[in-house]
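A quick note: this is a predicted structure, and the numbers were derived from the prediction, not measured. Proteins get letters first, then strands, A, B, ... in listed order; numbering begins at 1 in each.
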Amino acid sequence: MVCLKRSSQAKRPFWNGGMGVSKRGTQLILTVVFMIFGFMLALQLKARPAVTANISYQRAAELTALLKVVEEERNSLREEVKQLRDRLAESAAGLSREQALREQLSKARILAGLADVRGPGVIVQMSDSKKPSSAGQDPNVYLIHDDDIRWVVNELFSAGAEALSINGQRFVATTEIRCAGPVFMINGVRIAPPIEIRAIGDPQTLDSALHLRGGVIDNLALWGIEVKVKREEEVLVPAYNGTLQFKYARPVKAEETQ
Amino acid sequence: MWMILAGLLLGIFIGFHLPVQIPQSMARYLAVSVLAGLDTAFGGLRSILEGDFDSAIFVSGFVANTVLAALLTYAGDLLGLELYLAAVFAFGVRIFTNLAMIRRLLVKRLVKNR
């Protein structure tokens, strides 16, 4: 409100032209009404940042998709280089068929998760939110969910992770990540937070895939879920230690496919 | 007047410091309600300047506007319509009209009082 000189004819302040407002009771009512209004305003202002934080998400998703395509291309090229190099080495040394098969077997064992593997990569630590959950808010949102773990795992694989384990459980083709009450079931084993995900791959790519603006870490941080990524020169990912029994699936022989 | 302003500040203070957080799904309703409240506040200021302020009308307008705006938004959600835009538009236009009136009245009064 502007401060003004008061002339002698106007005894009331200039903004108080009429009746009513100077009465005590009216003032009290107005004070209460404005208090409620201020309260609502403050609540709304508090709620707003969470809404705006999501805006960049679409852009991030776009970039992730782009990155994924480039990564895939790079991976396939790398694979091609490897194969060509292998063939070169094979023909040069005159390797036997048996040795080539053995090599293929060891690659297949890595892919299937049946061998311990080591290499550069990242160790991701996830822990539940330390934010105090406020009244009227579902406390569930501050805990790590199976979705969150799947998201991180998926992001790591799409960034080119070659082997991955969650709290010592190797991620294989049949691995489930499922909520089971207060814990998770992974490979049929109960796992409780904090979660440690070890992934072998290019440490920088893996790290930046998770830290993408509007990406997984940003989104989980909204709920206060802490995700720490450590780049490592050497990460050991253990082998799958479940049983290898197939009750229903049988391999298809070459003749049957025709 | 100062008491009313103090009430507003006190309300904001309480709102910021009370550990109450409205759920994300309710944020839109409250936003529309806040706009309605803002409209009523400026409407009240205008009627004070015009000299026909009535506290009963003001208070009932405040309550009715905020509740109706939220209800309108809810109805829109039920129908799958962005009905709250109607409230945003109506209140937005009214806020601007009221602000214009307040400015005119203040300028007139300033000129007269000089």
Side-chain angles (χ1 to χ4, degrees), chain A residues 1-54 131-142 219 222-224, chain B residues 1-38 40-41 44-45 47-63 66 70 102 105-106 108-110 112-114:
Chain A
M1 198 85 8
V2 218
C3 210
L4 295 162
K5 282 179 284 176
R6 281 179 202 159
S7 60
S8 53
Q9 71 191 91
K11 279 192 189 109
R12 294 177 199 272
F14 81 100
W15 38 263
N16 195 353
M19 60 239 255
V21 201
S22 48
K23 269 193 257 158
R24 265 243 114 108
T26 313
Q27 264 196 7
L28 205 68
I29 291 171
L30 284 184
T31 307
V32 170
V33 166
F34 271 87
M35 222 170 86
I36 294 169
F37 178 62
F39 182 68
M40 283 163 62
L41 199 67
L43 275 191
Q44 183 60 26
L45 288 179
K46 261 203 312 195
R48 203 187 32 136
V51 179
T52 51
N54 276 333
K131 267 189 198 170
S133 65
S134 48
Q137 183 104 49
D138 186 3
N140 249 326
V141 301
Y142 295 110
N219 270 278
L222 281 183
W223 304 114
Chain B
M1 192 59 145
W2 299 121
M3 193 166 130
I4 296 166
L5 271 180
L8 178 67
L9 291 178
L10 185 66
I12 292 176
F13 182 80
I14 292 173
F16 267 116
H17 288 271
L18 221 63
V20 181
Q21 197 137 33
I22 50 155
Q24 207 58 194
S25 53
M26 298 296 283
R28 228 151 39 101
Y29 300 132
L30 190 63
V32 177
S33 291
V34 165
L35 194 67
L38 203 64
T40 318
L45 189 59
S47 61
I48 288 173
L49 290 172
E50 283 175 344
D52 60 350
F53 179 81
D54 184 329
S55 62
I57 289 177
F58 179 78
V59 172
S60 66
F62 181 82
V63 174
T66 50
I102 289 166
L105 287 166
L106 282 182
K108 256 189 205 165
R109 204 154 294 177
L110 262 171
K112 216 168 72 181
N113 276 9
R114 198 137 28 142

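Within the 4.5 angstrom heavy-atom criterion, no atom of B/Leu9 approaches chain A. For chain B, the nearby parts of A/Leu41 are the backbone and the side chain; heavy atoms of each come within less than 4.5 Å.
Looking at A/Thr31, A/Val32, A/Ile29, A/Val33 one by one, the single match for side chain to side chain contact (heavy atoms under 4.5 Å, CB included) with B/Ile4 turns out to be A/Thr31.
B/Ile12 and A/Ala42 get closest at one heavy-atom pair: O-CB, 3.3 Å. Considering every non-hydrogen atom in both A/Met40 and B/Leu30, the closest pair reads O-CD2, 3.7 Å. What you find for B/Leu10 and A/Met35 is that their closest heavy atoms are CD2-SD, 3.6 Å.
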Is there a side-chain contact (heavy atoms from CB on, under 4.5 Å) between A/Leu30 and B/Phe53 once you walk through the steps?
CA-CA 12 Å; A/Leu30 284 184; B/Phe53 179 81; 3.8 Å; yes

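Contact of the B/Leu38 side chain with the A/Phe37 side chain is registered, since non-hydrogen atoms from C-beta on lie closer than 4.5 Å.
Environment of CZ in B/Phe16: crowded, with over 12 heavy atoms of neighbouring residues, nucleotides or ligands closer than 6.0 Å.
Options B/Thr40, B/Leu105, B/Val63, B/Ile14 differ in how many heavy-atom pairs under 4.5 Å they form with chain A, and the most are formed by B/Ile14.
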